[in-house]
Amino acid sequence: MDPATPPQPFAEFRDVTFGYGTRTILDGVSFTVPRGKVTALMGASGGGKTTVLRLIGGQQRAQRGEVLFDGQDVGKFDNAALYLARRRMGMLFQSGALFTDMTVFDNVAFPLREHTQLSEALVRDVVLMKLDAVGLRGARDLMPSEVSGGMARRVALARAIALDPDLVMYDEPFAGLDPISLGTAARLIRQLNDTLGLTSIIVSHDLEETFRIADHVIILANGSIAAQGTPAEVRESTDPLVHQFVNALPDGPVRFHYPGVSIEDDFGNVEGGRS
Ligand SMILES: Nc1ncnc2c1ncn2[C@@H]1O[C@H](COP(=O)(O)OP(=O)(O)OP(=O)(O)O)[C@@H](O)[C@H]1O
């Protein structure tokens, strides 16, 4: 390949429209997920970030436009193609808790035993390698109830990479973690991306930590892309909505007050305004 030609994006949305029922969630959205990079998908709650992951995973299909996974339109996949594509994706959902009745080892072994014909000796080697990558080889025999929240997240991470995926999607990987565990998880996501040659997508509300490790940031708002670029480019965006978001301002295009009747209608005209 010509070194001047940027590699094909690993995933791409081309003019994608999607809604649940009559409610449009994504309205003509286009963006790229660069190959080999960490992409952060951010935006206000309910903006459709998890829906984007579900469209890439083929759990939902676009109503218009194309969702490309490694150059192929996920919307056109039959079940066999979808199965193969999903084998190339690791997913770590906030709710994707560990199986509580299995050891750490068996949790990581689970996808290998389900989806491969590997012998138990090979399963053991792969599990220990994955646990080593997240620093928990020594915790293999513990039960989930015996590990901290941060460790449990790392076990889930080892499980997400058990099948050597090309793409790992993290939905709120930092939720509920203390600052030290959060920093560890973030660095680990970055490090695994680089050492294993992955492409990573992180949905997160933790702006500082996410901007620190991301190469590419996409901000979704009101069904559209409000900004995309490097963390520095997004920080400098003059779009009022992006400005409100990256500076965590309570009021801006996204209103603090839920729409309703005016304050005068509720309380009458009070001298001196709101007080
Ligand atoms: N299966 C579904 N059926 C109907 N509506 C849904 C479904 N899943 C999600 N929604 C709605 O679609 C909107 C987008 O949801 P989504 O979970 O993608 O947003 P999000 O940006 O990930 O939100 P958050 O940051 O709060 O997790 C929300 O208003 C949600 O209530």
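For ligands, and for the atoms within them, numbers begin at 1 and follow the listed sequence. Residue indices begin at 1 and follow the sequence shown.
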Can you label the angle between the Phe31 ring and the Phe13 ring as parallel, tilted or perpendicular, going by 30° and 60°? parallel
Is Gly43 in contact with ligand 1, taking contact as a heavy-atom separation below 4.0 Å? no
His205 heavy atom under 4.0 Å from ligand 1: yes
Looking at non-hydrogen atoms alone, which of Ser45, Ala175, Ala221 comes nearest to atom 26 (O) of ligand 1? Ser45
Counting heavy atoms only, which of Met42, Gln59, Lys49 is nearest atom 21 (O) of ligand 1? Lys49
For the pair Asp215 (side chain) and Val38 (backbone), establish whether a donor and an acceptor sit closer than 3.5 Å, ignoring hydrogens and angles. yes
Examine distances only and state if a side-chain atom of Asp132 and a backbone atom of Arg137 form a donor-acceptor pair shorter than 3.5 Å. no
So does [X] pair up with [Y], basic N to acidic O under 4.0 Å?
X: Arg35; Y: Asp166; value: no
X: Asp164; Y: Lys130; value: yes
X: Glu114; Y: Arg87; value: no
X: Asp206; Y: Arg212; value: no

Where ligand 1 meets Gly47 - atom numbers and elements under 4.0 angstrom, heavy-atom basis: 19 (O), 20 (P), 21 (O)
Closest non-hydrogen protein atom to [atom], residue and atom name please, with distance?
atom: atom 19 (O) of ligand 1; answer: Gly48 N, 3.2 Å
atom: atom 17 (O) of ligand 1; answer: Thr50 CB, 3.6 Å
atom: atom 29 (O) of ligand 1; answer: Arg23 NH2, 2.8 Å
atom: atom 23 (O) of ligand 1; answer: Gly46 N, 2.8 Å
atom: atom 9 (C) of ligand 1; answer: Tyr20 CE1, 3.4 Å
atom: atom 15 (O) of ligand 1; answer: Thr51 OG1, 3.8 Å

Arg190 vs Asp194 side-chain heavy atoms within contact, under 4.5 Å: yes
